[in-house]
There are 2 protein chains.
Amino acid sequence: MTRRSSIDSYRKTRVDHASETAEDYVEAIDELIEQEGQCRVTTLARRLGISHVTVSRTLSRLASEDLVETEPYRPIVLTDKGHALAAWARQRHELVLNFLKALGVPENVAIPDAEGMEHHCSPKTLSAMKRFLKETRS
Amino acid sequence: MTRRSSIDSYRKTRVDHASETAEDYVEAIDELIEQEGQCRVTTLARRLGISHVTVSRTLSRLASEDLVETEPYRPIVLTDKGHALAAWARQRHELVLNFLKALGVPENVAIPDAEGMEHHCSPKTLSAMKRFLKETRS
DNA sequence: CATTTAATGTAGCATAGGCTACAAATGGAG
DNA sequence: CTCCATTTGTAGCCTATGCTACATTAAATG
Ligand SMILES: [Mn+2]
Ligand SMILES: [Mn+2]
Ligand SMILES: [Mn+2]
Ligand SMILES: [Mn+2]
């Protein structure tokens with residue numbers, strides 16, 4: 001039994017990053033549909049702070065992964081799978097953000113930090129955060 | 001004043017990721033030098049769980065950023081700048097890990113999660129973690 | 001010291017995600 | 001309906017980071 005913990009940690013982080021784009025996209029799409037009734041490529045690009053070209057290409061990949069459905073010049077639609085992922089990602093994001101705020105991190109720092117941290121929180125870490133929130137609230 | 005918070009959060013996360021490789025490399029190099037007296041390409045590749053080819057190429061970039069010094073077939077050396085970054089990264093990593101453990105996350109989950117989360121923790125988030133550790137210890 | 005093994009480097013390929021410049025489609029105003 | 005502004009798509013470029021296959025250098029071993 002060699003020390004393979006570090007290897008596994010780095011691997012896990014790479015895996016987290018591989019799913020990060022998909023999670024952030026479906027999350028943003030879901031929110032935009034909720035807020036504006038539909039999600040267009042340009043709107044999404046503005047929200048993510050990147051060019052519409054990158055968004056368009058990434059959406060093709062997400063479509064091939066059965067997370068979104070796209071038709072030329074039409075609004076972006078989430079598949080059932082995409083919607084489920086979005087719901088999960090939104091819950092997790094909210095939890096991590098609320099946790100940081102409860103820990104005493106100012107909101108203007110907690111918001112950007114949560115955006116990155118959320119993708120690296122395993123179920124047990126999320127549980128610990130929930131526990132902390134419950135204890136703090138009482 | 002439009003809602004540009006999301007844009008900035010995504011941007012910040014992309015910036016975090018851009019420095020992540022450098023941070024993890026110098027951190028691992030520093031630890032390997034401490035543990036084994038020197039750091040070789042192969043050893044580093046084993047530790048990171050990637051091929052020696054990727055390590056070798058990435059080291060060229062880090063050398064151009066004045067973080068490491070490399071000579072063909074020689075051990076990897078950290079520059080002063082690289083060593084300073086390593087010291088900072090190690091401190092931060094340890095803090096995040098200890099924080100997660102103090103929060104009640106089992107070590108076998110805290111270790112991999114900390115590896116990714118560390119890169120997204122702003123100074124104020126780190127301060128909040130330190131505060132929590134102090135309060136918990138007492 | 002010759003030979004084999006291990007370490008390192010190099011060539012070349014792939015994917016993901018940035019970009020600008022330009023082309024084409026859509027939809028609304030006149 | 002025509003024309004123009006906006007949206008979307010496409011071509012083509014870049015960097016970072018993964019890989020395998022192979023070449024070369026260094027080190028160990030008999
Ligand atoms: Mn995110
Ligand atoms: Mn990350
Ligand atoms: Mn680290
Ligand atoms: Mn790390």
Side-chain angles (χ1 to χ4, degrees), chain A residues 6-29 32-33 36-65 67-77 115-116 119, chain B residues 6-29 32-33 36-65 67-77 115-116 119:
Chain A
S6 67
I7 301 183
D8 294 336
S9 297
Y10 292 121
R11 276 198 204 293
K12 187 251 185 194
T13 301
R14 290 195 291 271
V15 169
D16 290 344
H17 287 156
S19 3
E20 174 159 351
T21 303
E23 289 166 357
D24 283 339
Y25 268 64
V26 295
E27 196 186 338
I29 292 165
L32 283 168
I33 290 173
E36 315 190 355
Q38 62 168 0
C39 175
R40 311 292 311 213
V41 171
T42 306
T43 323
L44 186 52
R46 264 195 301 270
R47 156 118 12 165
L48 298 173
I50 57 185
S51 74
H52 79 275
V53 182
T54 302
V55 169
S56 183
R57 179 162 26 72
T58 300
L59 285 173
S60 301
R61 180 170 68 78
L62 300 187
S64 84
E65 292 172 12
L67 290 168
V68 302
E69 276 168 17
T70 60
E71 297 257 21
Y73 300 96
R74 298 255 60 99
I76 303 148
V77 179
E115 189 60 70
H119 308 278
Chain B
S6 66
I7 301 182
D8 295 336
S9 296
Y10 291 121
R11 277 200 204 292
K12 186 250 183 192
T13 301
R14 290 195 292 270
V15 169
D16 290 343
H17 286 156
S19 4
E20 174 158 352
T21 303
E23 289 167 358
D24 282 338
Y25 268 64
V26 296
E27 195 186 339
I29 292 166
L32 283 168
I33 291 174
E36 314 190 355
Q38 62 168 2
C39 176
R40 311 291 315 212
V41 171
T42 305
T43 323
L44 186 51
R46 264 196 300 269
R47 156 117 12 165
L48 298 174
I50 57 184
S51 75
H52 79 275
V53 182
T54 302
V55 169
S56 183
R57 179 162 26 73
T58 300
L59 285 172
S60 301
R61 179 171 68 78
L62 299 186
S64 83
E65 292 172 13
L67 290 168
V68 302
E69 277 167 17
T70 59
E71 297 257 18
Y73 298 99
R74 298 257 57 100
I76 304 150
V77 179
E115 189 60 69
H119 308 279

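In the text below, chain A, chain B and the rest are named by the order of the sequence lines, each starting its count at 1.
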- Query: Any side-chain N or O of Thr21(A) less than 4.0 Å from the OP1 or OP2 oxygen of dG17(C)?
  - Reply: yes

- Task: For Arg57(A), answer base if it contacts any base atom (sugar-phosphate contacts may also be present), sugar-phosphate if it contacts only those atoms, and nothing otherwise; contact means non-hydrogen atoms under 4.0 Å.
- Result: base

- Item | Rounded distance in Å - NE2 (His17(B)) to P (dT17(D)) | 12 Å

- Would Lys12(A) and Asp8(A) pass as an ion pair if we require N to O under 4.0 Å? no

- Does the side-chain ring of His52(A) lie flat on the base of dT7(D), meaning centres under 5.5 Å and planes less than 30 degrees apart? no

- Item | Distance, rounded to the nearest Å, where Tyr10(A) contributes OH and dA16(D) contributes P | 20 Å

- Query: NA contact type, Val41(B), heavy-atom cut-off 4.0 Å: base, sugar-phosphate, or nothing?
  - Reply: sugar-phosphate

- Query: With side chains defined as the heavy atoms from C-beta onward, is the minimum distance between Thr21(A) and Arg61(A) less than 4.5 Å?
  - Reply: yes

- Message: It should be established whether Ser51(A) places a side-chain nitrogen or oxygen under 4.0 Å from OP1 or OP2 of nucleotide dG18(C).
- Response: no

- Message: Please report the distance, rounded to the nearest Å, between OH in Tyr73(B) and P in dT8(C).
- Response: 9 Å

- Query: So which one's nearest nucleotide on DNA chain C is more toward 5', Val53(B) or Arg74(A)?
  - Reply: Val53(B)

- From CD of Glu71(A) across to C1' of dT26(C) the rounded distance in Å is 15 Å

- Counting just side-chain N and O atoms, does Arg40(B) come under 4.0 Å of either OP1 or OP2 of dA6(C)? no

- Asp16(B) atom CG is separated from dA16(D) atom C1', nearest whole Å, by 16 Å

- Message: Between Arg14(A) and Thr70(A), which residue's closest nucleotide on DNA chain D lies nearer the 5′ terminus?
- Response: Thr70(A)

- Separation of dT17(D) atom C1' from Glu65(B) atom CD, nearest Å, is 14 Å

- Task: Calculate the interatomic distance between Asp24(B) atom CG and dT17(D) atom P; express it in whole Å.
- Result: 11 Å

- Whole-Å gap separating P (dG18(C)) and CD (Glu20(A)): 10 Å

- Thr54(B) vs dC19(D): side-chain N/O to OP1/OP2 distance below 4.0 Å: yes

- Query: Taking atom types as modelled, is there a side-chain donor on His17(B) or His119(B) under 3.5 Å from an acceptor on the other?
  - Reply: no

- Note on the structure: Output for pair (Thr43(A) OG1, Ile76(A) CD1), nearest 0.5 Å, gives 7.5 Å

- Within-4.5 Å side-chain heavy-atom neighbours: Thr70(A) and Arg74(A): no

- Task: Select base, sugar-phosphate, or nothing to describe what Thr42(B) touches, counting heavy atoms under 4.0 Å on all strands.
- Result: sugar-phosphate

